[in-house]
2 protein chains.
Amino acid sequence: MGKRAAQPRESVWLSPRPARKHRAGESELDREKIVATAVRVLDAEGDAKFSMRLLAEELHVTPMSVYWYVANKDDLLELALDAVAGEIELPSLDDGEDWRADLRALARAWRRTMIAHPWAIRCYGEYLNIGPSSVRFTECAQAVMARSPLPLKDRSAALNVVFQYVYGFTATESRWLEHLAETGRTAEEFAAEVTGSMAALSPALEQGGLLDRDGDRSMEELRDRDFDRGLHWLFTGMVAGTP
Amino acid sequence: MGKRAAQPRESVWLSPRPARKHRAGESELDREKIVATAVRVLDAEGDAKFSMRLLAEELHVTPMSVYWYVANKDDLLELALDAVAGEIELPSLDDGEDWRADLRALARAWRRTMIAHPWAIRCYGEYLNIGPSSVRFTECAQAVMARSPLPLKDRSAALNVVFQYVYGFTATESRWLEHLAETGRTAEEFAAEVTGSMAALSPALEQGGLLDRDGDRSMEELRDRDFDRGLHWLFTGMVAGTP
DNA sequence: ACCTGAACACCGTTCAAGT
DNA sequence: ACCTGAACACCGTTCAAGT
């Protein structure tokens, strides 16, 4: 991931390579199948272990066969990312909901999908992400913003701010969850360890209570609450206007 | 970067390995010098080209010598990240400034440093980032929040939300800047290309005006303005309270 | 205590050759 | 039109050996 080549690479979407199709067949190779398998392998093994060679093995094919359908690994990951973006559930826009409710639904759906495919949010940071499914998502978001009271010229900037927050929140959360999975610790154990390690460097931080929260809610509930809170603050601020 | 090993790795900071020091010497190897050189190579070559072998070459030493001082590449990157975190300019806290002004200054300083070391923000996403300099930063942020009107128990969550936004904004921005540098295009050319490519998939988006902004300000000014705006909205929302 | 060389088990990708 | 095998130029890291 993110290993940018020495010479720059054009996005698959900017200069699309033809998705070559074979003659007849059924269980034969084609780009769609390759991308679907890549997503499956990425989900199962993570992007650290994912390789063209492993993918080829899964396809029962030589590594180099894959290169007939995709130009290189980066292109493949960009295609895989857009495939996953296609899973994001878009809210229906004519349900009479407030624009904020719809935007929140959109943000939640994005987060849910990214948490389900932790490798995807790392791709999201690397690539332009302007494939068809991402565009469909952006279209929906723009339509929601169009119902906001914001002046027309501020809408896209506002939308960007919202999704920069969503991206930052989800990336952090996803990393945290992966750490837990890797080390096999519970969220509480891990939080205690991190706090302890920071407190060793700075006694001030312990009493600052970086990590203690209302005790009787699960970590997951707290994350959901914090996520929604950030959105709520942004919406409030946006409506209040900018000086 | 981000290639997580098959078996989980403990953070350098959670179980610190001793920074071995050699006997006398002057231009000899030691952990400090290794980390400083790593930062220099990362700045010059980017994290894609950075390797233990390249670093060793720069140090005029065998690749394996480095492993006497750091356990592995991930540890080294975590150390490099904290070194860079040490460059962040913290605002002085007794200048009678509003807490929002100080928090904004902190966010701006963080962003400035990360933009100056594009590889660093990718590390930031990967590692726990609880080294001494990061802790120092968090300490400062907590001290600023302590002057906010927010209820004590909400302060750390609010701080997290702010820096999740800052992280998302800066990561996106940094990626954008790298794309420009790689392809040698101007910001305007690149924006036009991306918009065009999206519009090809969705005519609705073009008239939606995803990317057109007040024409007479530079892209850089616009980014600064948008960054501050998001912060302002969050502050406004935070003060208005959560339902 | 520190540094080396050789080797292992991987990568992504090129290229010429097969069918 | 599609797929292969061999090879190239890399990785991070282990391990036994040197000083």
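Lettering follows sequence order; numbering is per chain, from 1.
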For the side chain of [X], counting heavy atoms from C-beta on, which of [options] is nearest?
X: B:Thr62; options: D:dT13, C:dT13, C:dT4; answer: C:dT4
X: A:Glu28; options: C:dC3, D:dC3, C:dT13; answer: D:dC3
X: A:Ser51; options: D:dC3, C:dC11, D:dG12; answer: C:dC11

Who is the Watson-Crick or G-U wobble partner of C:dT19, with both distances under 3.5 Å?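 WC or wobble partner is D:dA1.
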Tell which nucleotide pairs with C:dT14, taking only Watson-Crick or G-U wobble pairs whose two distances are both under 3.5 angstrom. D:dA6
From [atom1] of [X] over to [atom2] of [N], roughly how many Å is that when rounded to an integer?
X: B:Arg53; N: C:dG5; atom1: CZ; atom2: P; value: 13 Å
X: A:Leu29; N: D:dT4; atom1: CG; atom2: P; value: 9 Å
X: A:Trp68; N: C:dT19; atom1: CH2; atom2: P; value: 17 Å
X: A:Leu76; N: C:dG12; atom1: CG; atom2: P; value: 10 Å
X: A:Tyr67; N: D:dC8; atom1: OH; atom2: P; value: 18 Å
X: A:Leu55; N: C:dG12; atom1: CG; atom2: P; value: 10 Å
X: A:Ile34; N: D:dC3; atom1: CD1; atom2: C1'; value: 12 Å
X: A:Asn72; N: C:dT13; atom1: CG; atom2: C1'; value: 9 Å

Taking the same atom, [atom1], in [N] and in [M], what whole-Å distance lies between them?
N: C:dC11; M: D:dA7; atom1: C1'; result: 14 Å
N: D:dA16; M: C:dC2; atom1: C1'; result: 15 Å
N: C:dC10; M: D:dC8; atom1: C1'; result: 15 Å

Does the gap between the ring centers of B:Trp13 and B:Tyr127 come in under 6.0 Å?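 Between B:Tyr127 and B:Trp13, which both carry aromatic rings, the centre distance is not below 6.0 Å.
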Once you apply a heavy-atom cut-off of 4.0 Å, does A:Ser65 come out as touching a base, just sugar-phosphate, or nothing?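 Here A:Ser65 touches the bases of the nucleic acid.
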Please classify the nucleic acid contact of A:Met52 as base, sugar-phosphate, or nothing, using heavy-atom distances under 4.0 Å. sugar-phosphate
Derivation of the side-chain hydrogen bond (donor to acceptor under 3.5 Å, both in side chains) call for B:Asp43 and B:Trp119: CA-CA 7 Å; B:Asp43 284 345; B:Trp119 53 273; 2.7 Å; yes
pair B:Phe190-A:Leu128: side-chain heavy atoms closer than 4.5 Å: yes
B:Glu193 versus A:Glu10: any side-chain heavy-atom pair under 4.5 Å? yes
Between B:Glu139 and A:Ser202, does any side-chain donor sit less than 3.5 Å from a side-chain acceptor?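 Yes - a donor-acceptor pair under 3.5 Å links their side chains.
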